[in-house]
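Note that the structure is a prediction, hence the values are computed from the model and not measured. The first residue of the sequence shown is numbered 1, and numbering continues consecutively from there.
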Amino acid sequence: MQEEIRRLDAEGVAGRQIARRLGVSRDSVVKYTGQTDYSPTPPIVRRRPGGSVVAGFTDVIDGWLEEDRARPRKQRHTAKRVFDRLVAERGYPGSYSPVQRHVKAWRAAHRTGGDGFLELAWDPGAAQVDFGQADVILDGARARLHMLVVTFPFSNARYAQGYQGETAECVCHGLRTVFEHVGFVPRELVFDNATGIGRRRGQEVTESALFAAFKLHYRCRARYCNPYSGNEKGSVENAVGFLRRNLMVPEPEAAGLAGLNRMLLARCDRLGEADHWRKHQPVRVLFARDKAAGLALPGARFDPVRYEARTADKTGTVRIDGVAYTAGPAYSLRRVTVGLRHDRVQILDENARPAVTLPRVFGAHADTVLDPSVLLPALARKPGAWSESPVRRHVTDPVRDWLDRASPRDRRDGLAVLDLATRSAGFACAIQAADTILARGHTPHADTVGMLARRLAAGVEPDPGAADLTIYDRLGRQATTEQVPA
């Protein structure tokens, strides 16, 4: 219609006649014939005006937001907090939406050139490291693990390992596992806020002694992101979410943490067959350039262990990160050394000789972590403590009932029998041997329990249901044949 109006106008037709011929108003004819410039113009977003109710509170809101500029980022007003304060302190009668729109518009108008994000270009041979959380099924039970994610931003290769915590021991063990799996060491490791391997105070990061030794061992360097600069660590944060969605749905099932981590490495390798989202080359091809730019693995394998000195209490127990571990009464009030690894705690005596190795526990744990075998010698000397001893929870029901019913002297002898068998074959085999003997209707003695426990430990105990008794029938027939005269 506009084209027809302007065409007729160009031919000299009067405006009144154009309106009559085309059936439009004279005002429309005047509007389109009078427009001189039809060049495109940038669109202007017409924002919905704020409600009249919030109009009287805009100066208060602007003042609060202006004061926020001098506060830490994590202690500034959100739109919800502004709304709550207006209601509580100023008697604001309106709804949340106008307040939210005003706060959003104010922040957009006051954004500076330094705000926002930058796109980073990563060279081959660098890696980013961070933690995320995911649920898995370990040994049939659901568990929430801390997933150490290592990503190589140049190639977009990603690897994950699961741990019970985020300590320096976990970080170093996970990095060592990934390095050995891929066959090289990244020249630079970029961390988010020194998680697990150090402490940040302002712009200074103090690394743990273990991670400092780790860097020296592998000859790599570390850099730490600004906690507020998400673009500096966007690759690894995206990788955490990507691996959680692609490897953890549904929850992976494995027999133990080591089995899960082997499964994760294999699945991450298969992801390398896909093309890079922007470079349109297979990730494994780009990853070869990462490897070429990296460092060679050292000849010696790094042991991610942290040693701390402790004095055991009167029961031979030490506390590590709020969890009690016992070396046994033999170490009462002695100075010991504790070796902390990602999965176990090793207690050593004054001469650095191993005393006991226990599983490491993370988080709150009310019970003392112990190896029942270290308490048996003391129980054999003090059998009256059997009823309240934590060892009682670690034996089978038949063995527990046998010791519960025994007289003090018989209980002492029974505990001595278990102690002697444990020294030669281990606690589990000693208890299994005693359980087997009780099931056959006999009383466990030192010779029988010790012999059976050693056979169980060696894996040579025959299946009692597999005995072939027909041999006696054959022997009987053979003897009868020999007695018949020729």
Side-chain angles (χ1 to χ4, degrees), residues 146 163-170 172-173 196-197 199 208-210 213 257 303-396 399-400 403-404 406 408 411-431:
H146 300 265
Y163 292 95
Q164 299 286 349
E166 298 185 9
T167 62
E169 303 84 67
C170 298
C172 292
H173 184 273
I197 58 172
R199 294 182 178 180
S208 67
L210 177 60
L257 192 60
D303 184 12
V305 56
R306 172 165 54 98
Y307 290 105
E308 294 186 358
R310 291 285 192 279
T311 299
D313 63 16
K314 61 182 180 180
T315 65
T317 300
V318 296
R319 299 192 72 85
I320 304 294
D321 298 331
V323 179
Y325 300 86
T326 186
Y331 293 88
S332 173
L333 303 178
R334 290 170 59 177
R335 191 72 171 170
V336 297
T337 300
V338 181
L340 298 171
R341 292 178 172 83
H342 78 282
D343 58 346
R344 62 189 186 275
V345 173
Q346 187 179 44
I347 301 178
L348 303 93
D349 64 13
E350 297 89 337
N351 298 313
R353 290 190 296 261
V356 63
T357 300
L358 302 168
R360 186 170 183 181
V361 176
F362 291 88
H365 190 73
D367 296 332
T368 299
V369 182
L370 58 88
D371 179 354
S373 63
V374 303
L375 302 182
L376 284 177
L379 277 176
R381 291 193 302 270
K382 302 175 183 178
W386 164 253
S387 299
E388 288 74 32
S389 170
V391 178
R392 190 173 179 275
R393 300 193 298 269
H394 293 269
V395 302
T396 60
V399 176
R400 184 185 304 114
L403 292 173
D404 286 346
R411 182 181 298 162
R412 180 193 62 194
D413 294 341
L415 290 168
V417 166
L418 294 177
D419 180 35
L420 186 62
T422 296
R423 296 182 189 183
S424 61
F427 181 78
C429 291
I431 297 301

Point to revise | Tyr163/His173 aromatic ring centres below 6.0 Å | key: yes

Check your understanding: Say you draw a straight line from CG of Leu415 to CG of Leu420; how long is it, rounded to the nearest 0.5 Å?
Key -> 12.5 Å

Exercise for review: Taking all heavy atoms of Pro383 and all of Ala380, pick out the closest pair and write down the distance.
Suggested key: CD-O, 3.9 Å

Study note, to complete from the structure: The reported gap from OG1 in Thr326 to CD1 in Ile347 (rounded to nearest 0.5 angstrom) is 7.0 Å

Point to revise | Nearest-0.5 Å distance, CZ of residue Arg392 to CG of residue Leu375 | key: 15.0 Å

Check your understanding: Measuring from Leu403:CG to Leu418:CG, what's the distance to the nearest 0.5 Å?
Key -> 6.0 Å

Check your understanding: Passes side chain to side chain contact (heavy atoms under 4.5 Å, CB included), Val369 versus Arg360? Steps please.
Key -> CA-CA 8 Å; Val369 182; Arg360 186 170 183 181; over 6 Å; no

Point to revise | From His146 atom NE2 to Phe362 atom CZ, the distance as rounded to the nearest 0.5 Å | key: 8.5 Å

Review point. Where do Val374 and Phe427 land on the side chain to side chain contact (heavy atoms under 4.5 Å, CB included) test, with the steps shown first?
Key: CA-CA 10 Å; Val374 303; Phe427 181 78; over 6 Å; no

Check your understanding: OG1 of Thr337 to CZ of Arg310: how many Å apart, nearest 0.5 Å?
Key -> 10.5 Å

Exercise for review: Over all heavy atoms of both residues, which pair between Ser373 and Pro377 is shortest? Give the atoms and the distance, please.
Suggested key: O-CD, 3.5 Å

Revision key, fill the gap. What one should report as the nearest heavy-atom pair of Ala406 and Arg411 is O-NH2, 3.6 Å

**Study point:** Lys/Arg N to Asp/Glu carboxylate O, Arg319 vs Asp313, below 4.0 Å
**Key:** no

**Study point:** With Glu169, the side-chain contact (heavy atoms from CB on, under 4.5 Å) member among Arg306, Arg344, Arg341
**Key:** Arg306

Review point. What's the verdict on side chain to side chain contact (heavy atoms under 4.5 Å, CB included) for Tyr325 and Val356, showing C-alpha distance, side-chain angles and the deciding distance?
Key: CA-CA 10 Å; Tyr325 300 86; Val356 63; over 6 Å; no

Point to revise | Passing candidate, side-chain contact (heavy atoms from CB on, under 4.5 Å) with Tyr331, options Thr317, Val336, Val318 | key: Val336

Practice item. Look at the side chain of Asn351 and the backbone N and O of Arg353, then say whether any donor-acceptor pair between them is shorter than 3.5 Å. Key: no

**Study point:** Gln346 side chain reached by Thr357 side chain, heavy atoms, under 4.5 Å
**Key:** yes

Practice item. Report the C-alpha distance between Ile320 and Leu340 in whole Å, list the side-chain angles of each, state the deciding distance to 0.1 Å, and finish with yes or no for side chain to side chain contact (heavy atoms under 4.5 Å, CB included). Key: CA-CA 9 Å; Ile320 304 294; Leu340 298 171; 3.6 Å; yes

Review point. Would you say Leu210 and Cys172 make side-chain contact, with heavy atoms under 4.5 Å?
Key: yes

Point to revise | Carboxylate-amine/guanidinium contact Asp419 Arg381, below 4.0 Å | key: no

